Amino acid sequence: QNGVNPQTGQPFSEALLLGIGGGLGAGYILWEFSWAESANIVLGFRNRWNYSVEFLKNLCGRLGAEVTIQETSGIKAAAANLSAALERGVPFIAWVDKAHLPHQGLPEALKGYGVHQVGVYGLANGSVEVDDLVERHFLVPVDIFAAGRAQIPSDKNRLALVAPPANLDLSAAVRAGIEDCIEHLSRDSESFSLPVYKKWAKLMTDTKNKKGWPVVFKTRKGLFRTLCSVYEGIRLDNTEGCGLRGLYADFLDEAAVILQKPTVKEAADLYREAANAWVAVADAALPENPFREARVLLDERYALYHVGNLAELAAVSARQERQVAELSQDFPLDAAQTQALYEALQAAITAVYDAEVRALDALKAASV
């Protein structure tokens, strides 16, 4: 709010804020649920993707913007915090369960599974007015919004109130963000840094590791839902350039001008190549044959969401969920075809890792 890029006189771009906050991260987790014969995949793309408060604090600190985090486990205190924040008349950030947001069109079964942040702009006709990454704002009934905030106990009904930046040194903020990104992606962690992609690639065909896909999906039940999640998370779910890599390249283009370092643009080009490599992963997860209809439904659902056509969105989401339920029980590929799909995914993920390493090396060289 009221943040203006001093070099352009315009609001900070989303790309610039991503980069100053620390840019990119990496993450892959496969959560198994034996009772449901399925596995949920979590892909992390942003710096500190699993620590959203820490990312926000780093971003605000580099901008010289004060951030206040409010948390409470109490229902009354949560309501009081929300009311007080709304009365300020200044937009703020709220943590909420994604499936509780009616405009997302998600099934009831997903409630409690998706941590989500939205911008809150005020009250309108007894509903909370939220900004959820599209041009229009959505209205969420107050009681539903409150239930969504309380759905995930670890979030503690969290709100973030941000004051306007003061005493901003834009060049220093950009350099700090790039240094953070380099340090973060240079770690040897197989959970939260680039080596996680080598690990994931290996698990695609590993028949001995209990986390290997041939083991987890031995009967192939639930596999279709997980493959849809891979496609959706990379191509569609507001990552603005496949795993944020395209958006980060846009940041590096801005950074090259701010820092007066043209060589940073070379790293930007390589991150766009990494974004294309991520596209290949999504396409390998749901190849046109035999999953063309699944891709069409997913693409259509997000297109309707972005234009705010909630009536048609609900219908398409219901069709998609019926398809997921059916094909998760009766996967359309036999054992040999599934093995070929795993091998194609393995090759695509390995290509992502190689592209990510090249881009990171170029960013390091440009930052010396």
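Note that these values count all heavy atoms, side chains included, but never hydrogens, waters or copies made by symmetry. Position 1 is the first residue of the sequence, and the numbers go up from there. Keep in mind that what you see is a predicted model, and the values were worked out from it rather than measured.
- Closest approach of Ser52 to Gln117, counting heavy atoms only: OG-NE2, 4.0 Å.
- How far CD1 of Ile152 is from NE2 of His116: 11.0 Å, rounded to the nearest 0.5 Å.
- Atom CD1 of residue Ile258 and atom CG of residue Leu16 lie 5.0 Å apart, to the nearest 0.5 angstrom.
- Sorted by first and then second residue, the pairs that involve residues 47-94 and meet ring pair (Phe, Tyr, Trp, His ring centres under 6.0 Å), not counting sequence neighbours, are Trp49-Phe192.
- In this structure, the side chains of Val90 and Leu161 stay at 4.5 Å or more apart for every pair of heavy atoms.
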When you look at Leu341 and Leu333, which way does the side chain to side chain contact (heavy atoms under 4.5 Å, CB included) test go after all the steps?
CA-CA 9 Å; Leu341 184 146; Leu333 302 181; 3.8 Å; yes
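- The side-chain heavy atoms of Leu168 and Phe12, taken from C-beta on, include a pair separated by under 4.5 Å.
- Not counting sequence neighbours, Glu190 has no partner by the salt bridge (charged side-chain N to carboxylate O under 4.0 Å, His left out) test.
- In terms of hydrophobic clustering, with Ile, Leu, Val, Met, Phe, Trp and Tyr side chains grouped at heavy-atom distances under 4.5 Å, Ile182 and Leu185 are assigned to a common cluster.
- A heavy-atom distance below 4.5 Å is found between the side chains of Lys221 and Gln329.
- Hydrophobic clustering of Ile, Leu, Val, Met, Phe, Trp and Tyr side chains at less than 4.5 Å, counting indirect connections, keeps Ile75 apart from Leu82.
- Residues Ile29 and Ile41 form no side-chain contact, since every pair of their non-hydrogen atoms from C-beta on lies 4.5 Å or further apart.
- For Glu66, the CD atom sits in a loose shell: 12 or fewer heavy atoms of surrounding residues, nucleotides or ligands are nearer than 6.0 Å.
- When the side chains of ILVMFWY residues are joined at heavy-atom separations under 4.5 Å, either directly or via intervening members, Leu106 and Leu43 end up in two distinct hydrophobic clusters.
- In this structure, Asn157 contributes its side chain and Thr72 its backbone to a donor-acceptor pair below 3.5 Å.
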Please determine whether salt bridge (charged side-chain N to carboxylate O under 4.0 Å, His left out) holds for the pair Arg272 and Asp250, giving the CA-CA distance in whole Å, both sets of side-chain angles, and the decisive distance to 0.1 Å.
CA-CA 9 Å; Arg272 290 193 174 92; Asp250 293 343; 2.8 Å; yes
Ile234/Val279 under side chain to side chain contact (heavy atoms under 4.5 Å, CB included): CA gap, chis, key distance, verdict
CA-CA 7 Å; Ile234 294 170; Val279 171; 5.9 Å; no
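- In this structure, Arg136 contributes its side chain and Val307 its backbone to no donor-acceptor pair below 3.5 Å.
- Between Arg322 and Glu326 there is no salt bridge, since no side-chain nitrogen of the basic residue lies less than 4.0 Å from a carboxylate oxygen of the acidic one.
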Just distance, no hydrogens or angles: give the donor-acceptor pairs under 3.5 Å from side chains in residues 309-318, sequence neighbours left out.
| unit_1 | atom_1 | unit_2 | atom_2 | d |
| --- | --- | --- | --- | --- |
| Asn309 | OD1 | Glu312 | N | 3.2 |
| Asn309 | ND2 | Glu312 | OE2 | 3.3 |
| Ser317 | OG | Gly105 | O | 3.3 |
| Ser317 | OG | Leu313 | O | 2.9 |

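- A donor-acceptor contact shorter than 3.5 Å is absent between the side chain of Ser127 and the backbone of Leu139.
- Val174 is not listed as a side-chain neighbour of Glu254, based on a closest heavy-atom distance of 4.5 Å or more.
- Checked against ring-ring contact (aromatic ring centres under 6.0 Å, His included), His184 has no partners two or more places apart in sequence or in another chain.
- Atoms OH and CD, on Tyr121 and Glu129 in that order, are 8.5 Å from each other to the nearest 0.5 Å.
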Give the C-alpha distance, both sets of side-chain angles, the deciding distance and a yes or no for side chain to side chain contact (heavy atoms under 4.5 Å, CB included) between Ser13 and Asn5.
CA-CA 8 Å; Ser13 69; Asn5 183 333; over 6 Å; no
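- Counting heavy atoms from C-beta outward, Asp132 and Gln104 have side chains that approach closer than 4.5 Å.
- For the salt bridge (charged side-chain N to carboxylate O under 4.0 Å, His left out) test, residues two or more places apart in sequence or in another chain that qualify with Glu108 are Lys111.
- Grouping the Ile, Leu, Val, Met, Phe, Trp and Tyr side chains by contacts below 4.5 angstrom, directly or via other members, places Val215 apart from Leu30.
- Taking every heavy atom of both residues into account, Ala267 and Ala359 meet most closely at CB-O, 4.3 Å.
- Closest heavy-atom contact between Ala249 and Tyr271: CB-CB, 4.2 Å.
- Taking the six-membered ring for Trp and thresholds of 30 and 60 degrees, Tyr302 and Tyr305 have ring planes more than 60 degrees apart, a perpendicular arrangement.
- Taking the ring centroids of Phe45 and Tyr248, they lie at or beyond the 6.0 Å cut-off.
- Not one N or O on the side chain of Arg149 forms a donor-acceptor pair closer than 3.5 Å with the backbone of Gln151.
- Taken from CZ in Arg225 to CZ in Phe331, the straight-line distance is 13.5 Å, to the nearest 0.5 Å.
- Side-chain atoms of Thr226 and Trp213 include no donor-acceptor pair closer than 3.5 Å.
- Hydrophobic cluster membership differs between Leu270 and Val357, with clusters built from Ile, Leu, Val, Met, Phe, Trp and Tyr side chains linked at under 4.5 angstrom.
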Anything under 3.5 Å between a donor and an acceptor, one on a side chain of residues 289-300, the other on a protein residue two or more places apart or in another chain? List them.
| unit_1 | atom_1 | unit_2 | atom_2 | d |
| --- | --- | --- | --- | --- |
| Arg295 | NH1 | Asp283 | OD1 | 3.4 |
| Arg295 | NH1 | Leu286 | O | 2.7 |
| Arg295 | NH2 | Asp283 | OD1 | 3.1 |
| Asp299 | OD1 | Tyr231 | OH | 3.0 |
| Asp299 | OD2 | Tyr231 | OH | 3.4 |

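- For Val230 against Ala285, the heavy-atom pair with the smallest separation is CG1-CB, 3.7 Å.
- We find the CG-CZ distance between Leu259 and Arg175 to be 6.0 Å, quoted to the nearest 0.5 Å.
- At a threshold of 4.5 Å between non-hydrogen side-chain atoms, the residues Val140 and Pro102 count as touching.
- Across Val216 and Ala39, no two heavy atoms sit closer than the pair CG1-CB, 4.1 Å.
- At least one side-chain heavy atom of Ile178 sits under 4.5 Å from a side-chain heavy atom of Phe251.
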Carefully, step by step, assess Val96 and Asp155 under the rule side chain to side chain contact (heavy atoms under 4.5 Å, CB included).
CA-CA 8 Å; Val96 62; Asp155 286 342; over 6 Å; no
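- With hydrogens and angles disregarded, no donor-acceptor distance shorter than 3.5 Å links the side chain of Arg245 to the backbone of Trp278.
- Aromatic ring orientation, His103 versus Phe138: parallel (interplanar angle below 30°, classes split at 30° and 60°).
- Taking CG from Leu203 and CD from Gln346, the interatomic distance works out to 9.5 Å, rounded to the nearest 0.5 Å.
- With hydrogens and angles disregarded, no donor-acceptor distance shorter than 3.5 Å links the side chain of Arg187 to the backbone of Ser193.
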